[in-house]
Structure formats: structure tokens, C-alpha cells
Amino acid sequence: MNKKLFVLLVVLMSLSLIGIIFVQSFFINKSLENERQQFTLNVKRSLSFVSKSIEDIEFRNYFEKIQPYLQDSKEPDSTLIQRLFVALEDEENDQTIVHQNIILEERFKIPSLFFEIDADSMSVSKLTSERVTEVYSNSALDRGSTTPLKQYRQVNSMPTDAQKFLQKETFKELMSVYDYPINKRIGPEIVEMLLKKNLKNEGVDIDFEYAIYDQDLSTQIRSDNFDKTVSSYGVPIFLDNNNESTFNLWVDFPERNKFLISSILWMIVLSIIFTSVIIVAYTSAIYQLIKQRQISQIKTDFINNMTHEFKTPIATINLALDSIKNPKIIGDKEKVLRYLGMIKDENKRMHAQVENVLRISKLEKNELNISKERLKLHDIVEDAMTHVQLIVEDRKGYIKLHLDAAKSSVLANETHFTNVIVNVFDNAIKYSNDAPKIDVFTENIGNNVLLKISDQGSGMSKQVQKRVFEKFYREHTGNVHNVKGHGLGLAYVKRIIEDHQGHISVESEKGKGSTFIIRLPLIS
């Protein structure tokens with residue numbers, strides 16, 4: 001994939017992910033704000049119902065107390081009569097129509113039910129309306145007769161609703177004038193009960209604190225932990241006839257935010273889950289893209305190195321065959337054998353490279369059958385050393401053994417583990433620019449044996465150390481192929497050691513050499 005196209009895809013995917021997260025956050029904030037507004041509306045509606053209920057309870061208590069003193073069987077303490085008289089002359093019918101509307105106010109003295117004052121009693125009035133219509137003959141009146149031709153009479157008490165209205169208005173006025181203690185008017189248990197009931201009816205079923213304030217001063221009607229804040233909700237109570245009051249009922253919800261969040265918790269959880277899935281999928285996709293680019297680059301380097309390494313043996317074989325075909329050479333048995341030896345060696349070399357590729361493939365598919373037996377690690381090391389001793393000596397180098405481990409018995413496959421150590425030796429030889437100088441150490445640590453193979457070669461950077469055991473990976477050297485190999489040897493080493501329940505690591509410094517450390521479990 002083109003690098004610019006790859007960067008463009010990453011940028012577009014990143015912007016899309018940021019956009020999704022932003023939209024989700026905006027939607028959640030908007031939902032939370034809507035819940036907050038609905039919560040405020042529900043609380044204010046509940047407080048309005050509570051204020052009305054407190055007013056109704058107080059007046060009902062007053063009305064029930066005075067009602068027995070207004071019964072018809074009671075004699076009024078005083079009576080006041082107001083009369084409205086209207087006379088109408090009907091000349092056409094020679095009649096006189098007389099209408100009277102009589103208002104009877106009966107006053108009753110009752111004990112002072114509410115107020116702690118010196119007066120023994122208070123007065124309450126009962127009103128009765130009597131309407132009388134009489135029709136007289138003018139000629140009969142002239143003769144001195146006062147007997148009406150017709151008479152209509154209707155006596156009514158004032159309607160109950162009207163009486164209650166007047167009494168309520170009077171009671172409100174009385175309460176506003178007389179500074180009656182609020183704890184005598186309403187109890188805290190009633191306020192709390194009304195708040196619980198009305199808040200629950202509006203869907204606000206959480207703990208609350210409340211208090212009644214007279215102007216800016218708290219009264220005795222309050223909960224223990226109430227603290228008035230900017231987030232408290234208030235409503236006036238004990239309104240007078242002008243709908244004004246110095247008393248306010250305040251309510252506060254300590255766990256309001258938790259309640260609001262819980263109302264959209266399912267939405268938040270689902271949003272987080274889906275967004276997390278998108279982030280994981282996005283991260284995985286980016287990781288895979290980068291990984292694929294790296295693998296593509298590594299495979300390209302691998303193909304370049306393999307091509308370079310195959311060119312030389314193929315060219316050597318071709319030259320050797322051409323030389324053998326030469327009539328002057330074909331009769332020289334010594335030269336023919338020499339050229340045939342060269343062909344055999346180069347063929348082995350190519351065959352070994354192909355075998356490494358196949359071996360790694362089988363390991364990844366778990367098709368490589370590795371049988372293990374009890375072996376001495378020291379014996380395996382010494383055997384592996386013989387495979388590379390001639391090459392080291394040819395380059396004027398050395399391999400020194402410091403086998404200090406008292407115990408070295410391990411469960412291993414002799415062939416594969418010998419190949420492991422040979423590969424590490426080979427790696428040390430290849431990356432030694434001068435004469436290869438290799439030291440091998442063993443020691444016991446707990447129930448394990450440690451094998452350290454140190455060289456004084458070119459070493460490697462921290463970045464290379466992290467990836468040196470990856471398949472096909474080789475330190476990038478551009479078009480320089482001075483070091484033969486194809487990035488399979490150390491990958492094979494790691495897989496075999498892990499199959500033996502062991503562990504391999506590397507310590508290295510650029511220009512100062514490397515140390516490969518192999519840890520294997522001992523067997524008794």
C-alpha cells in the first residue's frame with residue numbers, strides 16, 4: 001500500500017473515531033440536561049401540590065373546629081338583619097309588586113381555637129338569605145285590604161362553597177395579621193409525609209432534606225441535615241389573600257446527580273461498550289495495517305537477501321559445470337572432483353536454507369514432531385561447537401567454554417537443540433567483523449540451568465533486540481548484503497527453546513557485542 005494512502009486512511013479513520021466519540025458525548029450531555037430539566041419541573045410541581053395541601057389541611061382543621069358552633073340547633077348570641085325593599089307599580093294589570101331580600105346574620109361566640117391570647121372567645125357569623133315577593137291589587141289596597149293576591153317566599157342558607165370561601169378568606173387574613181407560631185400551624189411529620197407522597201407521584205423517589213424558612217431565617221420545621229444551597233428548590237407556603245407570604249418551603253436532594261445519572265445509566269453503559277468496541281476494532285485495524293506493512297517490508301528484505309544468497313551458489317554451480325564440460329578439464333580427475341565438491345557444498349548450502357524455511361513452517365503448524373530424552377547440556381554444547389570450530393579457526397577466532405554448572409541434565413531433543421546452539425554460534429560468527437571471539441558460560445540458578453553465549457561482534461540497538469526473534473526479521477542494512485542470512489535462524493531458536501519449556505533473551509550494546517541467555521529447567 002502506498003505510504004501516502006496509508007497515512008490518509010489512518011487520518012480519516014482517526015477523525016471518524018473522534019467524531020463518533022464527540023457525538024456520543026454530546027448526546028449523553030444533552031440527555032442529562034433534559035433529565036435535569038425534567039427533574040426540576042417534577043420537583044416544582046410536587047412542591048406546589050405540597051403547598052396547596054398544607055393550606056388545605058390547616059383550613060380543614062379550622063373549619064372542622066368551628067362547624068359544630070354553626071349548627072341550626074344553636075341559638076345565636078346576636079342577630080343582625082339587613083333588608084332590601086323594592087316596590088313596582090303594574091298599571092296595566094292594576095297591581096303592585098313588592099320584593100324583599102332579607103339577609104340574616106347570626107353571630108356565635110366560640111372558644112379561641114387557635115390563638116394563645118387573652119380573649120376567651122372569638123366570633124363567627126352565619127348568613128341566611130330570605131327572598132319574599134308579594135302581588136297586591138291596587139283596588140283592594142284602596143279599600144284598605146293588605147292581603148296579597150300572590151306571595152312567593154324562598155329561604156336559603158348561603159351555599160357551603162361560598163361559606164367556605166368567605167371563611168377561608170377570613171382565616172387567611174387573620175393568620176397574616178396575627179403572628180401565630182408556625183410549629184402550631186403545621187408539624188414536621190406532616191410536611192415530610194406530603195413531600196414523600198408528592199415527590200414519589202412525580203417520579204422523584206430519592207432521599208431529600210427540607211426546611212421551612214421565615215424570610216431568611218430557618219424555623220423549627222426542618223430535617224436534621226438540611227443545608228440551603230444554590231441547587232435547593234423553594235416554594236412559598238401559607239399564602240395570604242394577596243398570594244404573598246414570608247414563609248418558604250425549601251427542599252434539597254444530596255444525591256440528585258447520582259439519581260440523574262442513574263436515569264440514563266443504561267444509555268451511558270451501552271455508549272461506552274459500543275464506543276470501546278469501535279476503539280478496540282479501530283486500534284486492532286491500525287495495528288494490523290502497520291503489522292502488515294512491516295511484514296511486507298521484512299518479506300521484501302527476506303526475498304532480497306535470499307535472492308542474493310542464491311545467486312552466488314547458482315553462479316558457482318554453473319561455473320563449475322561449465323568448467324567440467326571443458327575438454328581440457330574433463331580429463332583432469334582431480335579438478336573434476338574439486339568442481340563436483342564445490343557443486344555439492346553449494347547445493348548443501350541452498351538445501352539448508354530451504355530446510356530452515358520448511359522447519360519454521362512446520363513449527364507454526366505444530367507438525368514438527370520433537371521427541372525428548374534426558375541429555376547433558378554440556379555434551380550438547382560441546383557437540384555444537386565442533387560444527388563451527390573449523391570456520392572459527394579459519395577466521396583466526398576462538399570459542400572458549402566455561403561450563404561451571406554442577407547440574408546440566410535437561411529433557412531435550414538432541415538434533416533440534418544442537419541446531420539451536422549452532423544457530424546462536426553462527427549468528428555470533430556472522431556479526432563479528434574481525435576474528436570471532438565467543439565465550440560460553442553455564443551456571444545453576446534454582447531448578448534451572450543458564451547457558452550464556454557471548455560474542456564481541458557488532459552488537460545491536462535496543463529496537464533490534466526487541467524484534468530479533470521475529471520470523472524474517474533482520475536489521476535493515478539497505479542494499480548491503482555483507483551478512484548472509486534470511487531472518488529465520490533466531491526465530492527457529494526461540495520456537496524450539498519454548499517447546500522445551502525454556503526461555504531465551506538477549507543483552508547487547510551497539511559496537512560491543514551480544515550475549516544470548518538460554519534458561520532451561522533441570523530434571524533430577
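- S14 contributes a side-chain N or O that, together with a main-chain N or O of V10, makes up a donor-acceptor pair within less than 3.5 Å.
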Inset, instruction - Would you check, one step at a time, whether the test side chain to side chain contact (heavy atoms under 4.5 Å, CB included) holds for V251 with F226? - result: CA-CA 8 Å; V251 180; F226 179 80; 5.8 Å; no
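- At a threshold of 4.5 Å between non-hydrogen side-chain atoms, the residues L194 and I57 count as touching.
- Using a cutoff of 4.0 Å between basic side-chain nitrogens and carboxylate oxygens, E33 and K30 are not scored as salt-bridged.
- Using a 4.5 Å heavy-atom cutoff, the side chains of E507 and I517 are in contact.
- Side chain of H500 to main chain of N413: a donor-acceptor pair is present (N/O by atom type, distance under 3.5 Å, no hydrogens or angles).
- In the displayed structure, K228 atom NZ is contacted under 6.0 Å by more than 12 heavy atoms of other residues, nucleotides or ligands.
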Could you list the donor-acceptor pairs under 3.5 angstrom formed by side chains in residues 253-263, with sequence neighbours left out?
unit_1: R256; atom_1: NH1; unit_2: Y233; atom_2: OH; d: 2.9
unit_1: S262; atom_1: OG; unit_2: K258; atom_2: O; d: 3.3
unit_1: S262; atom_1: OG; unit_2: F259; atom_2: O; d: 2.6
unit_1: S263; atom_1: OG; unit_2: E35; atom_2: OE1; d: 3.4
unit_1: S263; atom_1: OG; unit_2: L260; atom_2: O; d: 2.4

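- Under the 3.5 Å distance criterion, the side-chain polar atoms of N444 are matched with a main-chain donor or acceptor of K407.
- Note that CD1 of I268 is 12.0 Å distant from CD1 of I273, once rounded to the nearest 0.5 Å.
- Annotation: side chain of V191 is in contact with side chain of I54 (closest heavy-atom distance under 4.5 Å).
- You'll find the side chain of S284 reaches within 4.5 Å of the side chain of Q288, heavy atoms only.
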Legend entry - Steps toward side chain to side chain contact (heavy atoms under 4.5 Å, CB included) verdict (L451, L377): CA-CA 9 Å; L451 172 64; L377 180 61; 4.2 Å; yes
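- Under 4.0 Å is where a charged nitrogen must lie from a carboxylate oxygen, and between K372 and D499 at least one such pair does.
- Between the side chain of T442 and the main chain of L450, no donor-acceptor pair closer than 3.5 Å is present.
- In this structure, Q38 and N42 have side chains that are in contact, with non-hydrogen atoms separated by less than 4.5 Å.
- Taking CG from N447 and CD1 from I523, the interatomic distance works out to 12.5 Å, rounded to the nearest 0.5 Å.
- Taking all atoms of both residues into account, the shortest heavy-atom contact from V410 to P521 is CG1-O, 3.7 Å.
- Looking at S218, its side chain never comes within 3.5 Å of a backbone N or O of Y213 through a donor-acceptor pair.
- At least one donor-acceptor pair under 3.5 Å links the side chain of S232 to the backbone N or O of T229.
- When side chains are defined from C-beta on, V424 counts as touching V493, because their heavy atoms get closer than 4.5 Å.
- Looking only at distances, no side-chain donor or acceptor of N427 sits under 3.5 Å from a matching main-chain atom of N423.
- The environment of CD in E189 is crowded: more than 12 heavy-atom neighbours from other residues, nucleotides or ligands sit within 6.0 Å.
- In this structure, K452 pairs ionically with E443, as a charged nitrogen and a carboxylate oxygen lie closer than 4.0 Å.
- When all heavy atoms of A405 and V449 are compared, the closest pair comes out as CB-CG2, 4.0 Å.
- Listed by first then second residue, pairs satisfying ring-ring contact (aromatic ring centres under 6.0 Å, His included) with a partner in residues 14-36 number zero, not counting sequence neighbours.
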Inset, instruction - Might you work through the side chain to side chain contact (heavy atoms under 4.5 Å, CB included) test for R131 and H99, ending with a clear yes or no? - result: CA-CA 7 Å; R131 294 187 293 278; H99 176 76; 4.3 Å; yes
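- Closest approach of F417 to I497, counting heavy atoms only: CE1-CG1, 4.3 Å.
- Contact annotation: the side chain of Y282 approaches that of M13 to within less than 4.5 Å [non-hydrogen atoms, C-beta and beyond].
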Inset, instruction - May I have the step-by-step check of side chain to side chain contact (heavy atoms under 4.5 Å, CB included) for V468 and V506, ending in yes or no? - result: CA-CA 9 Å; V468 71; V506 62; 4.2 Å; yes
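- The two residues K494 and F469 have their closest heavy-atom pair at CD-CB, 3.3 Å.
- Atom CD1 of I279 is separated from atom CG of L17 by 5.5 Å, given to the nearest 0.5 angstrom.
- Here the closest non-hydrogen pair linking G459 and S514 is CA-OG, 3.6 Å.
- The two residues S271 and I28 come nearest to each other via the heavy atoms OG-CD1, 3.7 Å.
- With Q24 as reference, T275 is the one residue of I278, T275, I272 to meet the side chain to side chain contact (heavy atoms under 4.5 Å, CB included) rule.
- Shown here is E498, whose CD atom has more than 12 heavy atoms of other residues, nucleotides or ligands within 6.0 Å.
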Inset, instruction - Mind running side chain to side chain donor-acceptor pair (under 3.5 Å) on T246 and D214 for me, showing each step along the way? - result: CA-CA 6 Å; T246 61; D214 183 1; 3.1 Å; yes
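- Here the side chain of S46 pairs a donor or acceptor atom with the backbone of N198 at under 3.5 angstrom.
- Using a 4.5 Å cut-off on side-chain heavy atoms (C-beta onward), L490 and F516 make contact.
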